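A short worksheet on the structure shown next.
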Amino acid sequence: MKNYKKYFIQILLASFTLTLSMGAHSQEKQTKMLLPGPDGVLMAIGELFNYKQENRKNNLPAPNEIITIYKSGLKGKNDQKIASISFPASGAEMEKELSPMLKADILKQLKTDNMQNAYEIIRDYGRDTLGILIISQELQKHLGILYTDTNWKPGDQVTYHFDRTNESGTQKNIYSESLDGSLPEYSTKFKLSKYNVFEDNASAEWEAEGIEKEEVPMYAQLYSRKNNEENFTLNARIFTNQKSTNSASVYHSETLAPNGNLAWYIRTIDAAGNLGKPSDTLYAINFDKNKIAPIENLRVTDTLNGLMMHWDQLPSKAYYTAIQILKSRKLGGDYVVLDTIPSSKNTFMDKQVIPGSAYFYKVRPLLFDLPGVQPMVFTEASGYKGVSEDVLPSTPQGLQAVVKENQVELTWIPNPELNIFAYYVLRGTSLNNLKVISGPIKQHSYSDSTFSKSYSGQYTYAIQVLNNGQKMSDTSSVVSVSLRQPIVLLSPGGIQAKYLPDGVSLEWENTRVKDNSIIGYVLYRREKGEQQYQLANNKPIELPAYLDTNTTSGKNYEYAVSSIDAWGNQSILSPFVGVSSNTKEYLNPPANISLRNLKAGIEISWAKPYDAGTRQYVIYRSTINKDRFDKVATVNPSTPYIDKNVQGNILYKYVVSVKSDDTEGPKSSEQLIRRQ
């Protein structure tokens with residue numbers, strides 16, 4: 001964080017002091033002149049002029065005295081002139097770029113109707129004659145005491161040099177200052193300390209403490225949102241007030257429309273536009289506490305579904321947040337909160353009532369936390385729920401059934417009526433033969449273990465409820481569960497295995513002819529030496545035989561098989577059987593290879609194997625006068641190969657071998673052909 005101590009007030013009021021050495025390229029200063037911001041560098045250059053004090057008058061510099069500003073890199077190279085600034089030479093020059101509003105304010109402050117007269121007053125008596133107007137950056141720029149380098153961007157590392165040309169035309173460097181490219185950061189956070197909201201006015205004050213380590217900017221921006229607007233908007237710029245060396249505050253007040261609501265927060269901002277942290281947010285409502293109305297004309301009516309409450313609609317005011325409803329069976333005590341509903345409502349249905357019972361209600365509006373306003377008083381009323389002999393209890397809902405530890409656990413949603421006597425559980429093997437198996441049940445759960453431990457099959461359940469008037473509800477929706485009891489299945493007595501060119505062929509005892517509950521078999525396989533078996537098939541095998549084609553040449557396997565039923569019960573594993581692959585036979589070359597001349601070259605072909613597996617054919621070639629064969633290609637055995645790198649009228653000989661992974665078998669017998 002850069003230390004811009006005392007900077008903001010000094011730059012706006014142009015009251016900081018510079019002690020300048022008159023030696024070349026040397027200076028001493030008490031306050032920095034540069035303030036970088038998101039839109040450029042702000043420069044307080046007013047004190048670089050040679051001010052005079054004559055006859056106790058605070059004169060300004062001569063119009064022909066000039067401050068010239070140069071900019072370069074941090075190492076002082078590539079100086080570039082960016083501006084020449086002087087005090088206006090006349091009232092007309094000062095007036096030339098002033099806005100009409102600022103011009104009118106200057107004339108009013110100096111009590112004159114002529115800009116030339118205003119100019120002479122300022123020259124004779126100094127800037128202090130302008131009073132608070134001097135904080136205007138627009139005016140400071142026209143008076144030559146403030147300049148902004150809008151070409152500077154955050155991240156630029158530069159040095160600024162300032163030369164002064166006196167009345168005789170002599171130019172001299174008087175000051176330099178460097179920037180490292182960073183922007184000032186303000187960590188001070190303002191917190192809401194107090195506020196007041198009246199019928200037509202609202203005010204708030206934010207405070208910050210522990211500010212000795214950084215200067216608090218002179219301004220704060222107020223962001224406001226009124227009457228439930230969606231977004232905050234920039235509302236005003238407010239002065240900060242440094243209450244002591246350790247604390248500062250910001251105060252704001254404004255007129256509000258009656259019964260409106262607002263939200264305010266602030267962010268400090270310095271002269272260059274750098275923002276501080278957002279403050280706490282004030283949420284408030286302006287109101288007249290004498291006009292806050294309670295619940296009026298409360299009455300209770302007995303209806304088919306319960307007791308209905310009515311009251312007069314509350315006024316549409318922002319300070320009402322909700323309506324609170326309390327209930328009791330006893331007059332004057334034991335009230336509990338029944339519900340809290342929106343303030344826009346003027347009715348409420350209490351369904352939690354018992355026929356033949358009286359109830360007592362208290363209703364009141366709930367308010368925002370308003371200064372000086374106590375909670376609203378309750379409005380009270382009572383009602384009686386009559387008895388209807390013909391009304392059935394509502395049908396139970398949400399029935400669920402789960403099988404756990406040899407029993408079925410049932411749960412359901414409690415009925416909303418308060419005059420419920422008990423629930424009854426119905427069970428059957430289908431919807432058509434349901435019978436009551438338990439009741440009365442006072443809870444809304446039940447565990448059913450009243451069935452044979454050896455039973456496997458489906459059960460269907462439903463629920464009914466009986467009220468205190470001996471009226472039974474309709475039957476609930478049904479749920480079904482399947483029960484499966486552990487059983488012992490017949491295991492296959494043995495298993496046979498042998499290697500075939502297509503894989504490992506397996507056969508075992510057909511246990512399905514002895515136990516018709518068996519639907520198939522589960523095959524397990526492991527490599528020899530491994531401890532654990534792995535599933536060889538993803539679903540039950542229906543027949544007592546299987547061809548395992550997912551094998552690798554050269555590996556030895558062990559197999560076992562179990563029986564399985566429709567419930568997923570499995571028998572113990574059969575005795576395992578091992579099988580060894582015949583690697584030598586697997587790598588035997590093709591018995592015959594055929595050669596023929598084609599236009600593209602010499603074709604080498606063979607009888608296509610039934611299953612290539614991981615095998616590849618390696619083709620070798622030589623000439624009749626050579627003994628050594630050269631490898632020509634390694635190909636998939638499913639297609640012939642054409643040797644295109646051959647010459648005419650030469651007698652060639654070819655052989656073929658079989659390769660699997662890194663192992664290659666013997667070569668075939670030689671075959672000869674002369675290239676045409």
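These numbers come from a predicted model, not from an experiment.
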Kindly determine whether S244 and N246 satisfy side-chain hydrogen bond (donor to acceptor under 3.5 Å, both in side chains), including the steps that lead there. CA-CA 5 Å; S244 67; N246 187 51; 5.5 Å; no
Using side chain to side chain contact (heavy atoms under 4.5 Å, CB included) as the criterion, list what pairs up with [X], not counting sequence neighbours.
{"X": "Q400", "result": "T411"}
{"X": "I238", "result": "L222, V250, H252"}
{"X": "T170", "result": "N166, S168"}

Can [X] and [Y] be counted as having a side-chain donor-acceptor contact under 3.5 angstrom?
{"X": "K81", "Y": "S84", "value": "yes"}
{"X": "Y361", "Y": "D350", "value": "yes"}
{"X": "Q324", "Y": "R364", "value": "yes"}
{"X": "N114", "Y": "T112", "value": "no"}
{"X": "T159", "Y": "S178", "value": "yes"}
{"X": "Q171", "Y": "D163", "value": "yes"}

Audit row: L367, Y320, side chain to side chain contact (heavy atoms under 4.5 Å, CB included) steps and yes/no: CA-CA 5 Å; L367 308 175; Y320 290 121; 3.6 Å; yes
So [Y] and [X], do their side chains get closer than 4.5 Å, heavy atoms only?
{"X": "D643", "Y": "I619", "value": "no"}
{"X": "F348", "Y": "D339", "value": "yes"}
{"X": "D270", "Y": "Y186", "value": "yes"}
{"X": "P36", "Y": "P184", "value": "yes"}
{"X": "I323", "Y": "I295", "value": "yes"}
{"X": "Y160", "Y": "E177", "value": "no"}
{"X": "M33", "Y": "M43", "value": "no"}
{"X": "T233", "Y": "S224", "value": "yes"}

Walk me through whether T634 and Q616 qualify under side chain to side chain contact (heavy atoms under 4.5 Å, CB included). CA-CA 7 Å; T634 301; Q616 292 179 305; 3.8 Å; yes
Interatomic spacing from [atom1] in [X] to [atom2] in [Y] - rounded to 0.5 Å:
{"X": "S247", "Y": "F190", "atom1": "OG", "atom2": "CZ", "value": "9.5 Å"}
{"X": "N241", "Y": "K243", "atom1": "CG", "atom2": "NZ", "value": "7.0 Å"}
{"X": "I134", "Y": "L143", "atom1": "CD1", "atom2": "CG", "value": "5.5 Å"}
{"X": "D149", "Y": "D39", "atom1": "CG", "atom2": "CG", "value": "12.0 Å"}
{"X": "Q313", "Y": "T347", "atom1": "CD", "atom2": "OG1", "value": "9.0 Å"}
{"X": "Y319", "Y": "L314", "atom1": "OH", "atom2": "CG", "value": "9.5 Å"}

Is atom [atom1] of [X] surrounded by more than 12 heavy atoms (other residues, nucleotides or ligands) closer than 6.0 Å?
{"X": "K351", "atom1": "NZ", "result": "no"}
{"X": "N645", "atom1": "CG", "result": "no"}
{"X": "N297", "atom1": "CG", "result": "yes"}
{"X": "E209", "atom1": "CD", "result": "no"}

Treating [X] as the side-chain partner and [Y] as the backbone partner, does any N or O pair qualify as donor plus acceptor under 3.5 Å?
{"X": "T129", "Y": "G126", "result": "yes"}
{"X": "S193", "Y": "E205", "result": "yes"}
{"X": "T321", "Y": "L366", "result": "yes"}
{"X": "Q116", "Y": "G91", "result": "yes"}
{"X": "E138", "Y": "S99", "result": "yes"}
{"X": "S86", "Y": "E65", "result": "no"}
{"X": "T240", "Y": "M218", "result": "yes"}
{"X": "R267", "Y": "G276", "result": "yes"}
{"X": "W311", "Y": "K345", "result": "yes"}

Both conditions, 6.0 Å and 45 degrees, for the charged tip of K362 above the ring of Y335: are they met here? yes
So, for [X] and [Y], which heavy atoms are closest and what is the spacing to 0.1 Å?
{"X": "A204", "Y": "L282", "answer": "CB-CD2, 3.6 Å"}
{"X": "L133", "Y": "D105", "answer": "CD1-O, 3.4 Å"}
{"X": "S72", "Y": "H161", "answer": "OG-NE2, 3.4 Å"}
{"X": "L102", "Y": "S136", "answer": "CD2-OG, 4.1 Å"}
{"X": "I106", "Y": "A118", "answer": "CG2-CB, 4.3 Å"}
{"X": "N231", "Y": "R225", "answer": "O-CG, 3.6 Å"}

Test of ring centre spacing under 6.0 Å for F232 and Y223: no
Is the Y195-Y251 ring centre distance short of 6.0 angstrom? no
Any ion pair linking K103 and E95 (charged N to carboxylate O, less than 4.0 Å)? yes
Any salt bridge between E254 and K226, counting N to O under 4.0 Å? yes
side-chain contact (heavy atoms from CB on, under 4.5 Å) with Q221: which of I266, L275, N235? L275
Working for side chain to side chain contact (heavy atoms under 4.5 Å, CB included), residues T268 and V216: CA-CA 8 Å; T268 56; V216 175; 4.3 Å; yes
Assess whether side chain to side chain contact (heavy atoms under 4.5 Å, CB included) is satisfied between W206 and W264, documenting all intermediate values. CA-CA 11 Å; W206 293 266; W264 289 344; 4.0 Å; yes
